[in-house]
Amino acid sequence: MFFYLFILLIISILSFYFKSVPGGKKLFCFFTSFLLVLLFSIRSSTVGWDTSNYVSIFNNISKEDIFKSYLEPGWVAMSKVISMVNNSQMFFFFCICIIAVLSWYFVIKRLSLNVYLSYIMIFMLGIYFNLMNQVRSSLASAICMISFYYLYRKNYKLSLIFVIIASLIHQSAIVFLCIIISDLLIKELNKKFYIVLGLVTTICLFFFDRIFEFFTSFFYTSYVTGNTAVNHINQGNYKMLVFYGFLFLFLYYIDFTNLKNSKYEHDQSYLRLRKLLFMACIFTCILQLLSVNSTMIARFSNYFNIYYVIAIPNALDLVKNKTNKVYYQLILMVVLIIFMTVYLVFSEKGAGHDGVVPYQIANMTNSLKY
C-alpha cells in the first residue's frame, strides 16, 4: 500500500505545482496520465485479479475466434489488432490503459471544474485500481464516459453508439442505457422523482430473484464475480453501500447549501450536467444496495461511481467560503484515505486473487516478445 501512497503523493505534488503554472491543467493531465499509463504498462501479470488470465489469452489470441469466443467480440478484435502490431505483454497493457486514460481525460477536461481533484479521485476512489483488477469492465466503463459526455450534449445517437462499443468490450456496459433512458423520462430531480425511485428500489429488493433471473436468462448467464472493491470479506457490500451513501450525502449537502445565489444557479448547461451526475451517483447507491442480494450487481456500479470524480469537485467549486471549502476537502481526503486502505489492504486478504498489492514490475526480458 505504501507504494500507492507514494504515487498519490507524487500526483498531489504535481497538482499543487501546476496550479501556479501557465497552461498547468494540460501539463498536469499529461504528466499524471503518463505516470498512470507507465505504472499500468510495466506491472507484472501478478498485479490484478484477472491479469494473468488475460495475458494468457492475449498470448494465444490467434486461436480465438472473434464471434465464437466466450469473450466479447470487441475485446477479441482489439487484442488481435494489438498483437499484430506488437505481441508483448507491456504493449498490450499500454494500449488498454491509453484508451482508458484518454477517455477519462476527454470527459474530465470538458466537464470537471477542478481537474486536479478529479484526477486525484480517479486514483483514490479505486477507479484506476479497478482497471488493473477488472480490466474489461473498467475499460468499458471508461468508454461509457464518452457516452455520458454526448448524453450531456444531447447527442443521443453518439451516446448510444459509444454504449454499444463499450458493450462489445464487456456486455455489462448495457446497464449504462439506464441513465440515457432516465434522462429522456426525467426532466428534473424533484421530490416526486425520489419517491418513485424509492418505490422502484423497494420493489426490486423484494422481487430481486425473479428480476435477476429474468435478465440473466438473456445475457450475462455464466459470469461469477466478487464485490467491486471490498472483496471476500464479511458484509463487504454493506461497507460499500455505507461509503457511497456517505459520499452522496456529502455531495448533496454541499450542492444544496451552495448552489443558491451562485453563478450556476440559473445556468441551464450546468444544471443539466448536475442532473446527470446526480443520477449516476444515485444509481451507484442503488446498485450497491441491490448487491446485498448478489455481489455480481456491485460490478455494475462501476459504470456510475466514476462520476463522483466530477460531481464532488464541481460541488466544491460552488463553495465561496474558503474556510468551509478547506474543511470539506479535508473531510473528503480522510474518507478517501480510509477507502484506499480498505481497498488496498483489507480487500486483498484471503481473496484468492493476486490483487494490486504488492505492486511488482514485470520481468522485461520475459515481457518483451518481438
Side-chain angles (χ1 to χ4, degrees), residues 1-48 51 90-91 93-109 112-133 135 138-139 142 145 229 247 305-306 308-310 312-313 316-317 325-326 328-348 354-362 364 367:
M1 177 181 175
F2 292 106
F3 172 78
Y4 293 112
L5 289 176
F6 176 69
I7 299 301
L8 175 62
L9 178 63
I10 292 175
I11 295 174
S12 301
I13 292 172
L14 287 175
S15 69
F16 284 116
Y17 174 74
F18 284 116
K19 278 182 180 179
S20 58
V21 174
K25 285 184 180 180
K26 290 183 178 179
L27 290 171
F28 169 77
C29 291
F30 172 79
F31 283 107
T32 303
S33 297
F34 174 81
L35 179 61
L36 296 180
V37 172
L38 178 65
L39 292 176
F40 191 92
S41 301
I42 66 173
R43 68 191 170 113
S44 167
S45 61
T46 61
V47 180
T51 306
M90 188 181 299
F91 187 70
F93 289 166
F94 172 81
C95 292
I96 291 171
C97 196
I98 278 290
I99 296 171
V101 167
L102 287 178
S103 299
W104 297 338
Y105 173 74
F106 178 85
V107 178
I108 289 174
K109 176 188 175 184
S112 176
L113 297 177
N114 186 341
V115 297
Y116 305 100
L117 181 56
S118 290
Y119 267 88
I120 289 173
M121 289 185 67
I122 281 280
F123 195 78
M124 297 186 73
L125 198 56
I127 308 301
Y128 180 68
F129 302 132
N130 278 343
L131 186 63
M132 289 184 176
N133 275 329
V135 62
S138 295
L139 182 60
M145 285 194 77
L247 275 190
N305 62 13
I306 195 170
Y308 276 106
V309 309
I310 299 174
I312 289 180
L316 286 172
D317 190 72
K325 180 177 286 190
V326 170
Y328 293 146
Q329 290 174 337
L330 286 175
I331 292 171
L332 178 63
M333 289 300 108
V334 169
V335 171
L336 291 177
I337 285 291
I338 293 172
F339 177 84
M340 276 187 67
T341 302
V342 172
Y343 192 116
L344 297 174
V345 179
F346 297 103
S347 66
E348 304 299 331
D354 295 314
V356 297
V357 177
Y359 181 87
Q360 294 178 334
I361 297 176
M364 299 301 179
S367 177

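These values consider heavy atoms only, across backbone and side chains, with no hydrogens, waters or symmetry-generated copies.
Looking at L316 and N114, their side chains never come closer than 4.5 Å, going by heavy atoms from C-beta outward. Under the 4.5 Å side-chain criterion, counting only non-hydrogen atoms from C-beta, Y105 is in contact with Y119. Between F31 and I11 the shortest side-chain heavy-atom distance does not fall below 4.5 Å. Between V135 and T51 there is no side-chain heavy-atom pair separated by less than 4.5 Å. Contact annotation: the side chain of L8 approaches that of I337 to within less than 4.5 Å [non-hydrogen atoms, C-beta and beyond]. Taking 4.5 Å as the limit, every side-chain heavy atom of N130 sits out of range of all side-chain heavy atoms of I306. Proximity of I122 to I108: side-chain heavy atoms (C-beta onward) are separated by under 4.5 Å at one or more points.
A pairwise comparison of heavy atoms in P313 and Y308 identifies CD-O, 3.6 Å as the closest pair. Shortest non-hydrogen contact noted between S15 and I120 is OG-CD1, 4.0 Å. Contact between Q360 and V47 at its shortest, heavy atoms only, is N-CG2, 3.4 Å. Here the closest heavy-atom approach between residue A362 and residue R43 is recorded as CB-O, 3.4 Å. What you find for V356 and Y4 is that their closest heavy atoms are O-OH, 2.5 Å. Closest approach of A100 to A142, counting heavy atoms only: CA-CB, 3.9 Å.
From L247, atom CG reaches atom CG of N305 across 9.5 Å, with rounding to the nearest 0.5 Å. For the atom pair OG1 of T341 and CG of L336, the computed distance is 10.5 Å after rounding to the nearest 0.5 Å. The CG atom of L35 sits 5.0 Å away from the CD1 atom of I7 when rounded to the nearest 0.5 Å. Of the inter-residue distances, the one linking L5 atom CG with F123 atom CZ reads 8.0 Å to the nearest 0.5 angstrom. Distance OH/Y328 to NZ/K325: 11.0 Å, rounded to 0.5 Å. How far OG1 of T32 is from OH of Y116: 9.5 Å, rounded to the nearest 0.5 Å.
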Inset, instruction - Assess whether side chain to side chain contact (heavy atoms under 4.5 Å, CB included) is satisfied between L36 and L131, documenting all intermediate values. - result: CA-CA 11 Å; L36 296 180; L131 186 63; over 6 Å; no
Inset, instruction - Mind running side chain to side chain contact (heavy atoms under 4.5 Å, CB included) on L117 and M124 for me, showing each step along the way? - result: CA-CA 10 Å; L117 181 56; M124 297 186 73; over 6 Å; no
Inset, instruction - Tell me, with the steps shown, if I127 and W104 meet side chain to side chain contact (heavy atoms under 4.5 Å, CB included). - result: CA-CA 10 Å; I127 308 301; W104 297 338; 3.8 Å; yes
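Between F40 and F94, the gap from one ring centroid to the other reaches at least 6.0 Å.
The only member of I96, I98, L102 that meets side chain to side chain contact (heavy atoms under 4.5 Å, CB included) when paired with V37 is I98.
No more than 12 heavy atoms of other residues, nucleotides or ligands sit less than 6.0 Å from atom CZ of F34.
For the pair Y359 (side chain) and L39 (backbone), a donor-acceptor distance under 3.5 Å is present. Remark: the backbone N or O of V101 is not paired with any side-chain donor or acceptor of S33 at under 3.5 angstrom. Remark: the backbone N or O of V309 is paired with a side-chain donor or acceptor of S118 at under 3.5 angstrom.
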Report, one line per pair, each donor and acceptor closer than 3.5 Å where one atom sits in a side chain of residues 18-27; sequence neighbours left out.
| from | atom 1 | to | atom 2 | distance (Å) |
| --- | --- | --- | --- | --- |
| S20 | OG | Y17 | O | 3.0 |

